[in-house]
There are 2 protein chains.
Amino acid sequence: MTIYELIEILKTNHYKITAQRKALLQVMAEHADTLLLVDTIYEATKKRYPKTNMSTVYRNLEILESLDLLHKVANENGAMQYKLICCHHHHHHLICSQCGKIEAIDYCPLETLKEIAADKDFQLTAHKLELIGLCKHCAKKK
Amino acid sequence: MTIYELIEILKTNHYKITAQRKALLQVMAEHADTLLLVDTIYEATKKRYPKTNMSTVYRNLEILESLDLLHKVANENGAMQYKLICCHHHHHHLICSQCGKIEAIDYCPLETLKEIAADKDFQLTAHKLELIGLCKHCAKKK
DNA sequence: TTTGGTGCAAAGCGTTTGCACCCGC
DNA sequence: GCGGGTGCAAACGCTTTGCACCAAA
């Protein structure tokens with residue numbers, strides 16, 4: 001999604017477009033394929049808009065998440081990471097454990113999972129499939 | 001794994017068996033099929049050993065994790081959850097979103113995942129497949 | 001002009017740590 | 001008795017909040 005589209009969505013939802021908010025959107029759009037720590041987002045936003053404040057970053061991330069524009073997950077230490085939602089069709093991910101880069105894959109074993117859940121008398125509401133490893137770039141470095 | 005086996009492993013690794021540590025092991029063994037929040041573990045341990053202290057709980061959980069006896073994950077809010085590792089053979093899980101109960105399943109699409117990773121020039125090191133939903137018991141309640 | 005956005009500082013919460021004391025071995 | 005285990009309190013890192021001020025619409 002482009003920054004312009006994101007801004008339109010914010011306007012439609014009656015949010016004001018401030019310089020800081022725009023800077024944060026640009027940061028998220030530039031790294032649309034990577035899960036970013038809040039602190040990383042903060043530092044990158046500060047480069048574009050030096051007055052950027054951490055609490056404002058948190059507040060804006062929360063707004064974007066509530067509009068279903070951001071995906072939020074806790075990393076293994078419990079710190080929050082965000083990334084722009086790329087699209088709304090169902091898919092899974094390749095995740096680089098080194099740099100956090102994410103790539104979508106289309107494979108999904110849903111039909112099989114449904115059978116397994118039914119066998120176990122389990123009411124399936126969601127599922128998660130993640131492939132963790134090293135992207136081409138990071139594998140080369142090692 | 002029984003408490004006796006767990007205690008043996010601790011002894012082998014030169015850890016002392018204290019009343020508090022034993023109480024915590026009993027709690028973990030009683031809920032071997034459930035991801036527990038640290039605070040839940042703390043409260044349950046206190047019932048068995050009232051002097052139980054939160055920092056001791058954390059220190060013991062850390063020891064058990066370092067011995068590869070506990071599985072540690074951050075929940076969606078970033079708080080840590082633990083459960084006894086049931087066995088070391090590879091498998092995935094059904095997870096009840098209501099009560100946290102976990103059940104193992106044997107299905108694993110590893111062969112397919114290997115192909116996908118190879119196609120994308122991605123060096124696969126791990127993968128995660130989780131089925132989220134309601135267990136029989138919680139589905140009935142709703 | 002109005003109302004939401006922001007900076008700052010303080011509080012909140014889960015987790016870790018330093019230190020003196022305790023207790024299993 | 002020794003060395004690891006513990007309780008307590010304080011510090012920690014990340015996140016949230018209250019309030020006065022600022023600026024987009």
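Chain letters run A, B, ... following the sequence lines, proteins first, then strands; residues in each count from 1. Hydrogens, waters and symmetry mates are skipped; everything else that's a heavy atom, side chains included, is used. All values reported here derive from a predicted model rather than from experimental measurement.
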Counting any heavy atom closer than 4.0 Å, what does [X] reach on the DNA or RNA strands: base, sugar-phosphate only, or nothing?
| X | answer |
| --- | --- |
| Asp39(A) | nothing |
| Met80(A) | sugar-phosphate |
| Glu62(B) | nothing |
| Arg21(B) | sugar-phosphate |

Review point. Taking atom types as modelled, is there a side-chain donor on His90(A) or His127(A) under 3.5 Å from an acceptor on the other?
Key: yes
Check your understanding: Do we see a donor-acceptor contact under 3.5 Å between the side chains of Lys11(A) and Tyr15(A)?
Key ->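 The answer is no; no qualifying pair exists.
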Practice item. For dA23(D), take OP1 and OP2 only and decide whether either is under 4.0 Å from a side-chain N or O of Gln20(A). Key: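 No, because none of the side-chain N or O atoms of Gln20(A) sits under 4.0 Å from OP1 or OP2 of dA23(D).
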Review point. Which of these, Val38(B), Leu36(B), Leu37(B), Thr34(B), sits in a side chain to side chain contact (heavy atoms under 4.5 Å, CB included) with Tyr82(B)?
Key: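 Testing Tyr82(B) for a side chain to side chain contact (heavy atoms under 4.5 Å, CB included) against Val38(B), Leu36(B), Leu37(B), Thr34(B) leaves exactly one candidate, Val38(B).
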Point to revise | Quiz item: Lys16(A) side-chain donor-acceptor pair to dT3(C) base, under 3.5 Å | key: yes
Check your understanding: What about Arg59(A), does its side chain sit under 3.5 Å from the base of dG7(C) through a donor-acceptor pair?
Key -> yes
Could you check which of [options] has an atom nearest any side-chain atom of [X]?
| X | options | result |
| --- | --- | --- |
| Asn53(B) | dA24(D), dG7(C), dC8(D) | dC8(D) |
| Ser55(A) | dT6(D), dG5(C), dA9(C) | dA9(C) |
| Ala79(A) | dA9(D), dC14(D), dG7(C) | dC14(D) |

Review point. Is any side-chain heavy atom of Leu24(A) closer than 4.5 Å to a side-chain heavy atom of Leu64(A)?
Key: yes
Review point. Taking for each residue the nucleotide of DNA chain D bearing the nearest heavy atom, is the 5' side occupied by Lys72(A) or by Thr18(A)?
Key: Lys72(A)
